[in-house]
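Here's the structure we're looking at; comments come further down.
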Amino acid sequence: MLDRKLIAKDPDRCRAALARRGEATVAELEPFFDLETEWKALKAENDDKKHQLKQGGRGFKDLDPKGAEAKELRQTLGTLSDGIKAAEQRIREIEQTREQLLLALPNFPDEATPDGADESDNVEVARWGEPPVFDFEPRPHWEVGESLGILDFEAAARMSGSRFAVLRGAGARLERALAQLMLDSARSRGYLEVAPPFLVRRHAMEGSGQLPKFEQEAFKTAGEGELFLIPTAEVPLVNLHREEILDPEQLPLKYVAHTPCFRSEAGSHGKDVRGLIRQHQFNKVELVKLTTPESSAQELEELRADAEHILEILGLHYRTIRLCAGDMGFSAAMTYDLEVWLPGQQTFREISSCSVCSDFQARRAAIRYRAAPKKNRFVHTLNGSALAVGRTLIALFENYQQGDGSLAIPEALRPYLGGLETLTP
RNA sequence: GGAGGAGUGGCCGAGUGGUCGAAGGCGGCGGUCUUGAAAACCGUUGAGUGUAAGCUCCGGGGGUUCGAAUCCCUCCUCCUCCGCCA
């Protein structure tokens with residue numbers, strides 16, 4: 001959530017910042033100003049009346065409760081009290097409307113985020129490794145996986161419909177080994193491993209910014225006691241310190257979790273229908289950090305390096321891009337996407353997204369730290385995938401496929417598979 | 001699932017209709033004393049909002065009342081006992 005005080009204080013700067021997200025977003029902000037003006041006036045007037053009421057009530061101390069004076073006072077204060085209640089109702093209405101409006105507005109892009117409307121304006125900042133060279137025509141991952149007998153879309157479709165997959169045998173094992181490798185890497189880099197709930201309440205989804213705007217993207221339980229299936233471990237990890245005031249000594253807090261992620265993928269019909277790219281359910285190893293505003297930019301660089309490290313030890317060619325303002329996610333101020341090379345499809349595909357969300361999530365989830373005595377500030381939150389496990393599996397299938405139909409296992413992964421070097425059909 | 005009980009400041013805990021944002025203790029911070037430390041003693045110590053006066057917050061929401069931490073309703077959470085269960 002954006003800072004209400006900042007919007008009221010510097011409307012033009014806020015309009016300009018939101019305009020970088022698109023003009024439609026700026027228009028959504030406009031009703032805020034009238035609401036804020038009315039709210040401020042009403043609030044000030046009502047606070048004053050409340051003060052009068054409080055003072056007035058003290059008069060009963062010296063009066064005979066059944067006397068005429070008490071009766072009169074009761075009447076006077078009753079009228080005052082009725083006025084206060086009416087005003088309070090209106091104040092509550094305004095606050096609710098204002099809250100809904102603010103909750104639907106995306107974060108301000110950081111100054112370092114490039115301008116731009118869509119992915120064509122993203123900026124490549126780094127490239128690592130070389131695309132593998134084949135003496136045969138490399139196949140897409142679904143062909144590699146199915147011919148090895150370790151990836152099955154048909155069986156998944158029969159029980160769960162489209163956008164699901166079944167991994168079998170070495171495929172399932174390979175996925176587990178990848179997750180293990182990623183968790184171990186994160187742990188050695190100072191992240192605390194967490195096993196969080198996969199189902200969360202509405203307020204947790206609001207805290208990290210998935211709701212209220214993207215409800216159609218989420219799966220939720222039916223019946224009483226509504227719960228949402230997490231679309232990413234970012235949700236439970238960010239909410240870990242909800243409504244806390246942290247000691248600055250604790251910062252930065254670094255967490256890693258390996259969880260399934262559930263996404264309805266509403267609005268992406270017909271997109272990435274083949275293969276494992278876009279699934280309703282996938283596993284991801286997610287990194288989340290809570291830190292001070294002063295160090296969040298540096299922490300983003302480290303987070304990005306933590307994610308890149310996994311691709312490097314797996315020997316996967318990738319590039320790193322900085323997303324432009326128009327292509328960035330709702331809560332992010334700045335985002336690096338890591339895109340892995342998929343030779344079977346001759347393209348780079350997103351495998352990680354590392355973002356700093358400034359105080360946007362922290363304000364929603366009320367996560368503060370004691371910056372100085374009597375001076376509490378919102379933390380900055382960061383999140384990044386390290387990595388999307390399913391997509392990493394894809395990358396292995398496409399990059400390590402051999403001419404004879406087998407699959408080579410990168411060295412870093414072998415210890416997790418009992419030393420296995422090659423997978424044969 | 002059934003029956004009971006409880007949620008107060010960083011922690012413990014008093015407070016059952018009116019100067020209560022809340023006694024007391026612990027912890028924290030500052031000081032006195034000490035060569036230093038401990039102990040003892042003194043002071044200080046929740047959050048939000050507002051330029052300020054002030055206003056709001058005693059699990060969340062709603063209600064009764066001139067006035068609610070205190071009474072009522074409701075939701076949430078935790079505990080105890082019984083039942084069921086991976």
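Proteins come first, then strands; the chains are lettered A, B, ... in the order of their sequence lines, and each starts at number 1. Atoms considered below: every heavy atom in the structure, side chains included; atoms not considered: hydrogens, waters and symmetry mates.
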Partner of [N] by Watson-Crick or G-U wobble geometry, both contacts under 3.5 Å, or none?
| N | result |
| --- | --- |
| A6(B) | U77(B) |
| U51(B) | none |
| C66(B) | G18(B) |
| A37(B) | none |
| U44(B) | G28(B) |
| G1(B) | C82(B) |

Report task. State yes or no: are the ring centers of Tyr369(A) and His241(A) separated by less than 6.0 Å? Result -> no

Query raised in the report: Between Phe360(A) and Phe330(A), is the gap from one ring center to the other below 6.0 Å?
Result: yes

Answer yes or no: does a side-chain N or O of [X] lie under 4.0 Å from OP1 or OP2 of [N]?
| X | N | answer |
| --- | --- | --- |
| Lys85(A) | G67(B) | yes |
| Arg201(A) | U77(B) | yes |
| Arg370(A) | G46(B) | no |
| Arg368(A) | G48(B) | yes |
| Ser81(A) | G67(B) | yes |
| Arg92(A) | G61(B) | no |
| Lys50(A) | U49(B) | no |
| Lys5(A) | U49(B) | yes |

Please report, rounded to the nearest Å, how far the [atom2] atom of [N] is from the [atom1] atom of [X].
| X | N | atom1 | atom2 | result |
| --- | --- | --- | --- | --- |
| His203(A) | U77(B) | NE2 | P | 10 Å |
| Glu95(A) | G61(B) | CD | P | 11 Å |
| Glu69(A) | C66(B) | CD | P | 18 Å |
| Arg4(A) | G48(B) | CZ | C1' | 10 Å |
| Lys43(A) | U56(B) | NZ | P | 8 Å |
| Lys375(A) | A47(B) | NZ | C1' | 14 Å |
| Glu88(A) | U49(B) | CD | P | 19 Å |
| Asp247(A) | G46(B) | CG | C1' | 16 Å |

Work out how far the [atom1] atom of [N] is from that of [M], and round it to whole angstrom.
| N | M | atom1 | result |
| --- | --- | --- | --- |
| C75(B) | A86(B) | P | 30 Å |
| A52(B) | A47(B) | P | 16 Å |
| G27(B) | U19(B) | C1' | 30 Å |
| U74(B) | G5(B) | P | 15 Å |
| U70(B) | C58(B) | C1' | 10 Å |
| C73(B) | G24(B) | C1' | 34 Å |
| C85(B) | G4(B) | P | 24 Å |
| C55(B) | U51(B) | C1' | 15 Å |

Query raised in the report: What nucleic acid atoms does Gly78(A) come within less than 4.0 Å of, heavy atoms only: base, sugar-phosphate, or nothing?
Result: sugar-phosphate

Requested in this report: Using a heavy-atom cut-off of under 4.0 Å over every strand shown, decide if Lys40(A) touches base, sugar-phosphate, or nothing.
Outcome: nothing

With a 6.0 Å cut-off (strictly less than), is the heavy-atom count around [atom1] of [X], excluding the residue itself, greater than 12?
| X | atom1 | value |
| --- | --- | --- |
| Arg168(A) | CZ | no |
| Gln55(A) | CD | yes |
| Glu95(A) | CD | yes |

Requested in this report: State plainly whether the residues Asp247(A) and Arg370(A) are in salt-bridge range, i.e. N to O under 4.0 Å.
Outcome: no

Query raised in the report: Salt bridge between Arg4(A) and Glu36(A), side-chain N to carboxylate O under 4.0 Å?
Result: yes

Report summary line: RNA chain B nearest-nucleotide lookup for Asn46(A) and Leu53(A): closer to the 5′ end is Asn46(A)

Query - Nearest-nucleotide 5' precedence on RNA chain B, Asn376(A) against Leu77(A) - result: Asn376(A)

Requested in this report: Indicate yes or no for a side-chain donor-acceptor contact from Asn239(A) to the backbone of Val235(A) under 3.5 Å, with no hydrogens or angles considered.
Outcome: yes

Report summary line: Per atom distances to the His51(A) side chain, the nearest of G48(B), U77(B), G54(B) is G54(B)

Requested in this report: Kindly say whether, by distance alone, the side chain of Asp47(A) makes a donor-acceptor pair under 3.5 Å with the base of G54(B)?
Outcome: yes

